[in-house]
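One structure is given below, encoded as structure tokens.
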Amino acid sequence: RHQTIVTLSTIPLDDQKVWQLFCRAETVGTFQTETEAMRVLLKKIQPRNIEELSVVNAMDRPGPLNKKMDDLYANRKFKRQKTEILHESIEDILAPTYQTLVYQEQVMKIAEQFSGFSKYEADVLRKSMGKKKRELVIQMKEKFLSGAEKLGRPKDIAEKLFTVIEEFSEYAFNMSHSLAYSLISYQTAWLKVYYPQEFMCSLLNVFKQNLDEIEKYLNECVRMKIKVVPPDINISQNDFSISSQNEIVYGFSGIRDIGSDATKGIITNRPFVSIEDFYFQFSTLNKKTMEALIYSGCLDSLSPYRSSLLSFDADNRKNRKYKKSSDMSTMNLFNMEEIFKQNKKSQIQEFGTNDFEKMDKLINEKKYLGYYRTGHPLDTLQDKYKHVKVTQVKDLLENQNYLQNVSIFVRGVIENIVKRTTKTTKKPMAFISLSDRTGKIETILFPNSFDRFFNLLSIGKIVLINGKVLEDKVSISTVSILE
């Protein structure tokens with residue numbers, strides 16, 4: 001489209017626009033750096049080169065985060081905390097990471113430099129810790145301390161250093177892996193910066209069978225001010241595509257229950273000048289496909305009255321059910337053609353003008369497209385509920401580390417309810433997926449709240465939830481139904 005060949009191996013690694021994207025954590029869709037936890041780390045560490053991005057990748061695991069290694073690294077980097085040098089013999093080894101252990105390779109070099117290990121012995125130390133073989137770790141500790149003593153290292157520092165290494169080994173990451181990940185992270189971020197439409201369109205095509213992922217990337221398109229044209233019977237291709245106006249056009253393959261055979265037929269026989277034109281050619285489409293086209297709004301440009309279209313299709317199928325012989329089937333099609341050709345009956349008179357209620361319409365759009373096409377359920381909220389101070393889902397997820405056990409209010413529409421029982425007491429509980437305009441979050445209805453609120457909840461209802469943040473979820477204390 002741009003008449004340009006991009007060779008990833010020649011992309012400059014010092015592009016400031018790309019590093020600014022990482023520092024702003026606008027990394028939805030980029031390799032290894034799109035999760036909420038990673039975006040928190042990116043904002044905290046502010047990587048400005050591949051080496052610092054590698055640190056972010058290495059830190060994004062429970063071990064380093066639980067040990068607050070990310071805070072230690074960031075505080076030392078930005079000089080909010082004094083950098084402690086454990087011993088001058090290993091200063092150069094830890095200098096690139098502000099005297100913070102980040103990689104397995106650093107452990108191996110420290111063992112060689114501080115205690116005189118051979119490369120083989122250093123690798124044995126790494127393996128013993130990684131596999132948590134306690135007896136072998138004890139043997140290696142004795143060797144580490146005796147080797148340090150031979151080199152004249154202070155005993156207290158040697159013991160402290162080994163303790164640091166031993167704790168670190170629980171979550172140590174391989175630098176070669178981390179750097180490789182980071183290079184790909186950078187390359188995908190570069191594509192996002194310089195070819196945003198193509199990058200987002202490709203993501204939508206890769207994840208076209210996953211409606212949750214589609215919703216995430218469509219929300220990112222909104223943030224990036226990339227227009228996404230809703231699916232249309234006369235415009236959409238099988239896959240997501242880019243129009244001449246530089247807009248992403250929603251593809252048929254991203255719609256639930258529409259198969260490739262139906263798509264090929266539609267693309268081959270269009271344009272359709274009216275709903276009669278379309279229905280005469282495709283009235284024999286299977287029920288699932290026709291419902292998907294109607295509910296998703298693909299036929300809105302021909303007739304926006306989805307309820308009437310669905311009723312017409314249901315009546316037509318009922319009539320066909322009793323006319324199974326080939327002659328009768330031919331007559332049925334002939335009669336339909338005559339109806340469509342009657343000049344005195346317009347499209348509106350023929351198909352009706354009934355549409356679904358706003359909420360029903362939105363729920364079906366979400367079911368078939370993964371997003372709300374014509375609005376959001378919160379648009380229907382009465383003014384009297386809008387004064388309540390709530391935390392947006394996006395803000396909650398991005399700041400979850402600072403909100404643990406904090407009581408908050410979240411407002412949204414229920415998208416899914418999964419009932420479970422606790423493992424020990426077998427009491428009922430439930431997981432409720434809740435979304436607002438900024439994202440989706442899982443909330444938990446524990447047994448102590450289950451009996452009071454569960455029967456009030458159903459998919460599509462708008463609720464105001466008060467609860468405490470537990471990792472990336474909210475434990476429900478109270479629920480209010482917002483009508």
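At least one side-chain heavy atom of K192 sits under 4.5 Å from a side-chain heavy atom of M224. Under the 4.5 Å side-chain criterion, counting only non-hydrogen atoms from C-beta, L53 is not in contact with Y181. In this structure the side chain of L21 reaches within 4.5 angstrom of the side chain of T27, judged on heavy atoms. At least one side-chain heavy atom of E52 sits less than 4.5 Å from a side-chain heavy atom of K77. Residues M140 and F144 are not in side-chain contact: their nearest non-hydrogen atoms beyond the backbone lie 4.5 Å or more apart. The shortest side-chain heavy-atom distance between T478 and I465 does not fall under the 4.5 Å cut-off. Here the side chains of D15 and Y194 are in contact, with some heavy-atom distance below 4.5 Å. A heavy-atom distance below 4.5 Å is not found between the side chains of L445 and M429.
Enclosure of atom CD in E357 is not indicated, since only 12 or fewer non-hydrogen atoms of other residues, nucleotides or ligands lie within 6.0 angstrom. Residue K109 places its NZ atom among 12 or fewer non-hydrogen atoms of other residues, nucleotides or ligands, all under 6.0 Å distant. Within 6.0 Å of CD on E471 lie no more than 12 heavy atoms contributed by other residues, nucleotides or ligands. Atom NZ of K461 has more than 12 heavy atoms from other residues, nucleotides or ligands within 6.0 Å.
Between K208 and E213 no salt bridge is recorded (no basic side-chain N to carboxylate O distance below 4.0 Å). Salt bridge annotation for R306-D360: absent, with no cationic side-chain nitrogen under 4.0 angstrom from a carboxylate oxygen. The existence of a salt bridge linking K358 and D379 is excluded, since no basic side-chain nitrogen approaches an acidic carboxylate oxygen closer than 4.0 Å. The existence of a salt bridge linking E34 and K216 is confirmed by a sub-4.0 Å separation between a basic side-chain nitrogen and an acidic carboxylate oxygen.
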Apply the test side-chain hydrogen bond (donor to acceptor under 3.5 Å, both in side chains) to residues S307 and D355: give CA-CA distance (whole Å), side-chain angles for both, the deciding distance (0.1 Å), then the verdict.
-> CA-CA 5 Å; S307 180; D355 203 357; over 6 Å; no
Can you list the steps and then say if K366 with E215 is a salt bridge (charged side-chain N to carboxylate O under 4.0 Å, His left out)?
-> CA-CA 9 Å; K366 188 66 181 287; E215 180 185 23; 3.0 Å; yes
D123 and K119: salt bridge (charged side-chain N to carboxylate O under 4.0 Å, His left out), yes or no, with the steps?
-> CA-CA 6 Å; D123 192 46; K119 292 187 182 301; over 6 Å; no
Stepwise salt bridge (charged side-chain N to carboxylate O under 4.0 Å, His left out) test for K394 and D436 | CA-CA 9 Å; K394 178 176 179 290; D436 63 11; over 6 Å; no
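No option in N364, T289, L299 other than L299 meets the side chain to side chain contact (heavy atoms under 4.5 Å, CB included) test with I294. Partner V479 forms a side chain to side chain contact (heavy atoms under 4.5 Å, CB included) with one of N466, I414, T443, L457 and no other, that one being L457. A side chain to side chain contact (heavy atoms under 4.5 Å, CB included) with I110 holds for exactly one of L125, I90, V164; it is I90. The one candidate from F207, F199, Y250 that meets the ring-ring contact (aromatic ring centres under 6.0 Å, His included) condition with Y217 is F207.
Atom NE2 of residue H177 and atom OG of residue S54 lie 11.5 Å apart, to the nearest 0.5 angstrom. Once rounded to the nearest 0.5 Å, the distance linking CD1 of I432 with OG of S458 reads 11.0 Å. One finds the CZ atom of R411 at 7.0 Å from the CG atom of L464 (value rounded to the nearest 0.5 Å).
Q106 places no side-chain N or O within 3.5 Å of a backbone atom of L101 that could act as its donor or acceptor partner. Judged by distance alone, the side chain of Q400 and the main-chain N or O of L397 form a donor-acceptor pair under 3.5 Å. A donor-acceptor contact shorter than 3.5 Å links the side chain of S243 to the backbone of E247. Under the 3.5 Å distance criterion, the side-chain polar atoms of T7 are left unmatched by any main-chain donor or acceptor of T10. No donor-acceptor pair under 3.5 Å is formed between the side chain of Q81 and the backbone N or O of N75. Formation of a donor-acceptor pair under 3.5 Å by the S449 side chain with backbone atoms of F446 is not found in this model. Using a distance-only test at 3.5 Å, with no hydrogens or angles considered, no donor-acceptor pair links the side chain of S178 to the main chain of N174. With hydrogens and angles disregarded, a donor-acceptor distance shorter than 3.5 Å links the side chain of R76 to the backbone of Q99.
A cation-pi geometry, defined here as NZ or CZ lying under 6.0 Å from the six-membered ring centre and within 45° of its normal, holds between K419 and F454. Cation-pi geometry between R153 and F114 is satisfied (NZ or CZ under 6.0 Å from the ring centre, within 45° of the ring normal).
Below 30°, between 30° and 60°, or above 60°: for H376 and Y372 the angle between ring planes is above 60°, a perpendicular geometry. Taking the six-membered ring for Trp and thresholds of 30 and 60 degrees, Y73 and Y98 have ring planes more than 60 degrees apart, a perpendicular arrangement. Between W19 and F22, the ring planes lie tilted relative to each other; the angle falls in the 30° to 60° range.
In plain terms, the two heavy atoms of G251 and F240 that are nearest each other are N-CD2, 3.6 Å.
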